[in-house]
Amino acid sequence: MDHTVPLEKSVFWDLFLKAIKESVNIQSFNTWFKPLSLVDHSNNKITISVPKAYFSSWLEEHYMPLLKSVSSAILGYDVSFYFVSEDNTEQVEELQNSTDHFSEANVYVSQVERKNSSTDFFKQLFINPRFTFESFVVGTSNQFAYAASKAVADAPGTTAFNPLVIYGGVGLGKTHLLQAIAFHCLNSKRSDNDNIHVIYVSSEKFTMDFIMSIQKNIPQLHSKYYRSADILLVDDIQFFNNKERTQEEFFHIFNELHQHGKQIVLTMDKPPIQLKGLADRLINRFQWGLVTDIQPPDFETRIAILKKKAEADGVYIDDKIAEFIAENITSNIRELEGSLIRLLAYSSLYGRDISLEMASEVLGDTIRKRNSLITIEFIQKLVSEHFSIQLNSLIGNSRRKEVAIARHIAIYLSKQLTDSSLKTIGLHFGGRDHSTVIHSIHKVEKAFLKDITVANHIKTLSEKAKNS
Ligand code: ADP
Ligand code: MG
């Protein structure tokens, strides 16, 4: 039913906010309603723009009955609500066909794609403008991946990093870096080199597109589209597993692009040699350029990330609180962000300042779920048992090859699995200095990429430590 709306947009919105203000406490109003803006209200449908994606779920969960009753009281009929977030790519993608309320500034659409109607089929490319190099916090856990990404973004196709492969566990910033490269290239395109065609795609979308192109009998369009990239960024390659035809299609695209000096950047959840269900010839090609990992962030980086996120949200968090969260949420950055958001939401809902007490109350569940604290002593014990080596020799100065390797691994795991500083780790290993500790870590990192047995030892030992 198409209602003609008698109320002007601004009038409706004023009335709406006023009614809400009377129904909720001022703190909640300022947090959850003041930042909203009305996009449209017509056809029984109210579209509201929210500053952050999490606002929509919060409003839906906590305020939907209120929103509905207030608006129907004003308009005289029932409406449904739609939220559009200024920072959520998926939503933007979903809504792109149904609404044109989006400001272009938030969404960078590759111009080549827009011009070329024959490739409309492959949808447009959306980059989340929140994922930039500027918003990426660099620490020891990700500095190498960051530097390589930066180098590639500055001079795509011309460095030795082709392909650039970034691997690591969930929520550690792989997609963020990939999109930062895309964003950077699209932006530099705007000024000088006009014709750089950037394609960012998840491996799942690549697969779906390919399947669809076969169904529609136009697989050659799929190849043509991806072969037109100057930079091809494919996220989460592990999902190509056991999809043989997709892998074959990708293999040919890869070769063509690589031969022509086009840049390829890939992410995956494991080092290439450990990927299951992928053709050897692909895995082999993944290692032609640079393979680099992202590790879980260390304590200092976690603090820096929290502070940056809080700052971006316009809130201040006390050092003590940041330390508390960073000490307790150690595994991944998505969780770290989630904890901060929950804390902010809680604080504004109850109109209370964030305190340590509140933090432990709110984050209690998350904290209880995490791994029990792993100590360096415990890692030393595990490693010495695993390799059947005396604890004394592991910690001491023995230069026997197998002892030295076990020691490198124990040092590496101490860095990965505990929050200890390099100095503390050195002290636990017979007073070695900080540079010796770094040397061990680098040795293992290198071996990890090349030597499957080392990788397996580490995997087994990490799992043992975490499950203990
Ligand atoms: P992945 O793709 O590895 O699973 P994402 O790139 O999606 O992880 O990162 C998860 C979240 O953590 C994102 O919101 C991202 O912005 C944030 N994030 C990850 N690494 C960093 C970092 N170094 N600095 C700031 N934010 C980060
Ligand atoms: Mg990702």
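Side chains included, hydrogens not; waters and symmetry mates left out as well; all remaining heavy atoms used. When a ligand or atom number is given, it counts from 1 through the structure's own listing order.
Using cut-offs of 30° and 60° for the angle between ring planes, the H222 and F206 rings count as perpendicular. Taking the six-membered ring where the residue is Trp, Y63 and F33 present perpendicular rings, their angle passing 60° and hence far from 30°.
Between F183 and F131, the gap from one ring centroid to the other reaches at least 6.0 Å.
Among the backbone and side-chain atoms of T267, none of the N, O or S atoms lies under 2.8 Å from the Mg ion (ligand 2).
In summary, the atoms of ligand 1 found under 4.0 Å from a heavy atom of F136, numbered by their order in the structure, are 20 (N), 21 (C), 22 (C), 23 (N), 24 (N). Residue G169 has at least one heavy-atom neighbour below 4.0 Å for each of these atoms of ligand 1: 3 (O). Applying the 4.0 Å criterion to heavy atoms of N142 picks out, from ligand 1, the atoms 23 (N). Near R130, meaning under 4.0 Å from any of its heavy atoms, are these atoms of ligand 1: 14 (O). Atom numbering of ligand 1 starts at 1 in the shown order; those under 4.0 Å from a heavy atom of V170 are 4 (O).
In terms of protein heavy-atom proximity, atom 25 (C) of ligand 1 is closest to S135 O, 3.3 Å. Regarding atom 8 (O) of ligand 1, its nearest protein heavy-atom neighbour is G173 N, 3.1 Å. Residue, atom and distance of the protein heavy atom nearest to atom 7 (O) of ligand 1 are R334 NH2, 2.8 Å. Of all protein heavy atoms, the one lying nearest to atom 4 (O) of ligand 1 is G171 N, 2.7 Å. Scanning all protein heavy atoms for the shortest distance to atom 17 (C) of ligand 1 gives I333 CG2, 3.5 Å. If you check which protein heavy atom lies closest to atom 26 (N) of ligand 1, you get K309 NZ, 3.0 Å. Among protein heavy atoms, atom 23 (N) of ligand 1 sits closest to V137 O, 2.8 Å.
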Would R302 and D298 count as a salt bridge (Lys or Arg N to Asp or Glu O under 4.0 Å) if you check the C-alpha gap in whole Å, the side-chain angles of each, and the deciding distance to 0.1 Å? CA-CA 6 Å; R302 296 200 295 277; D298 56 26; over 6 Å; no

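Taking any N or O of V138, backbone or side chain, none lies under 3.5 Å from an N or O belonging to ligand 1. When only interatomic distances are considered, the shortest N/O to N/O separation between L172 and ligand 1 falls below 3.5 Å.
Using modelled atom types, one finds no donor on one side chain facing an acceptor on the other under 3.5 Å when comparing Q416 with S462.
Cation-pi geometry between K174 and Y167 is not met: the NZ or CZ atom fails to fall both under 6.0 Å from the ring centre and inside 45° of the normal. Taking the ring centre of F251 as origin, the terminal cationic atom of R281 falls inside the region bounded by 6.0 Å and 45° from the ring axis. A cation-pi arrangement is absent between K45 and F81, since the terminal nitrogen or guanidinium carbon is not both under 6.0 Å from the aromatic centre and inside a 45° cone about the axis.
Remark: among candidates K174, E337, H176, K308, the nearest residue to atom 16 (O) of ligand 1 is H176, based on non-hydrogen atoms.
Other residues, nucleotides and ligands place no more than 12 heavy atoms under 6.0 Å from the CZ atom of F144.
Although no hydrogens or angles enter the test, the distance criterion places no donor-acceptor pair under 3.5 Å between the side chain of T418 and the main chain of K415.
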